[in-house]
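These numbers come from the heavy atoms of this one structure, side chains and all, not from hydrogens, waters or symmetry mates. This structure is a prediction, so every number in the text was calculated from the model and none was measured. As the structure lists them, so they are numbered: ligands from 1, and atoms in each ligand from 1.
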Amino acid sequence: MGFLQGKRALIVGVASPRSIAWGIAKAMHAQGAELAFTYQNEKLHSRVAKIADECESDIVLPCDVAHDRQIDSVFEQLGTRWDGLDILVHSVGFAPRDQLDGTYIDAVTREGFQIAHDISSYSLAALAKSGRELMRGRNGAILTLSYLGSVRAMPSYNVMGLAKASLEANVRYLAQSLGPEGIRVNAVSAGPIKTLAAAGIAQFRKMLDHVERTAPLRRSITTEEVGNVSAFLCSDLASGITGEITYVDAGYSILGMAELMGGDE
Ligand code: NAD
Ligand code: 0WE
């Protein structure tokens, strides 16, 4: 029997079979969880429906996290199918394309800053607020995805780094707010993976190569690996963990002076 048997999970952030959210969904399904999915827009509807089908789920609801009405409607509709929700996965990040090129100071604009923080950080609180009633009193767990750019200045990640810093603080404040209701809130900080969100990022291949040469495990990570840790963090096996950022990055973030340690030459 899987360690998520009897749990019900809502997965927000599947866009393709490469999505980190898809790796999480598969891992949770393998551990016995029952799943529901959201899709950002009509263009993604059929793709997400197909992926949901592979996890024996027929709950596929629209949700652009920029709109409170759509968020509320997700939980209203979910409430007609399920009497409660155990797990909420937030695997959403976005900044306007022009924010992710060149240096931070050249790229950042008031509008780019606002959109990045709204979609990539506020949306976690918005989903938590709206999902709170369905999750109350059942050892619930909320999980989001971060990146090392939250705590290090990385090339081109720019305002997304600020938004991820905000997201990680959001995890701590939500953990504090929701802990008394039995809801835990955590993040996985994943190493770089070639998903849609990485497509078209200049130098992304170079970043992956750098990780593969220097990380302690001398490789990058997979969505399956992120999925397994996420499933654990959302299970009762992790009942003592909340407000935490767990790195799934082949060890990359522990390094200092990486280029002097061999590998990266
Ligand atoms: P992805 O493109 O597959 O997923 C991003 C998701 O965000 C998509 O499903 C997209 O529909 C959704 N999204 C964007 N704007 C939205 C909106 N307004 N409303 C609803 N959904 C919206 O890419 P991914 O790499 O799987 O990204 C998932 C998460 O993982 C993001 O938070 C990303 O920052 C994080 N992450 C990615 C990497 C990486 O290297 N790929 C590393 C660490 C963390
Ligand atoms: O968080 C991310 C992806 C963030 C992202 C990507 C895009 C591309 C398309 C946010 N918004 C957009 N907007 C778009 O229009 N990652 C951790 C993956 C990623 O993105 C980078 C990276 C890494 C790693 C961007 C620049 C530098 C490194």
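Across Arg8, Arg184, Arg138, a single residue satisfies salt bridge (charged side-chain N to carboxylate O under 4.0 Å, His left out) together with Asp86, and that is Arg138.
Counted within 6.0 Å of CZ on Arg110, heavy atoms from surrounding residues, nucleotides or ligands total 12 or fewer; the atom is thus considered open. More than 12 heavy-atom neighbours from other residues, nucleotides or ligands sit within 6.0 angstrom of CD on Gln5. The environment of CD in Gln176 is sparse: at most 12 heavy-atom neighbours from other residues, nucleotides or ligands sit within 6.0 Å.
Between the side chain of Ser19 and the backbone N or O of Ala21 there is no donor-acceptor pair closer than 3.5 Å. No donor-acceptor pair under 3.5 Å is formed between the side chain of Arg132 and the backbone N or O of Leu178.
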Which pairs of N or O atoms, one from ligand 2 and one from the protein, are separated by less than 3.5 Å, and what is the distance for each pair?
from: ligand 2; atom 1: 1 (O); to: Tyr157; atom 2: OH; distance (Å): 2.7
from: ligand 2; atom 1: 11 (N); to: Ala95; atom 2: N; distance (Å): 2.9
from: ligand 2; atom 1: 11 (N); to: Ala95; atom 2: O; distance (Å): 3.3
from: ligand 2; atom 1: 13 (N); to: Ala95; atom 2: O; distance (Å): 2.8

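Pocket lining of ligand 1, defined as residues with a non-hydrogen atom under 4.0 Å away: Gly13, Val14, Ala15, Ser19, Ile20, Gln40, Leu44, Cys63, Asp64, Val65, Ser91, Val92, Gly93, Phe94, Ile119, Leu145, Ser146, Tyr147, Lys164, Ala190, Gly191, Pro192, Ile193, Thr195, Leu196, Ala197.
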When the side chains of residues 186-198 are checked against the rest of the protein, which donor-acceptor pairs come out under 3.5 Å, sequence neighbours left out?
from: Asn186; atom 1: OD1; to: Gly243; atom 2: N; distance (Å): 3.3
from: Asn186; atom 1: OD1; to: Glu244; atom 2: N; distance (Å): 2.9
from: Asn186; atom 1: ND2; to: Ile241; atom 2: O; distance (Å): 3.0
from: Thr195; atom 1: OG1; to: Ala197; atom 2: N; distance (Å): 3.3

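Partners of Asp236 according to the salt bridge (charged side-chain N to carboxylate O under 4.0 Å, His left out) rule, which considers only residues two or more places apart in sequence or in another chain, are Lys7.
The aromatic rings of His45 and Tyr39 sit parallel, their planes meeting at an angle under 30°, below the 60° perpendicular limit.
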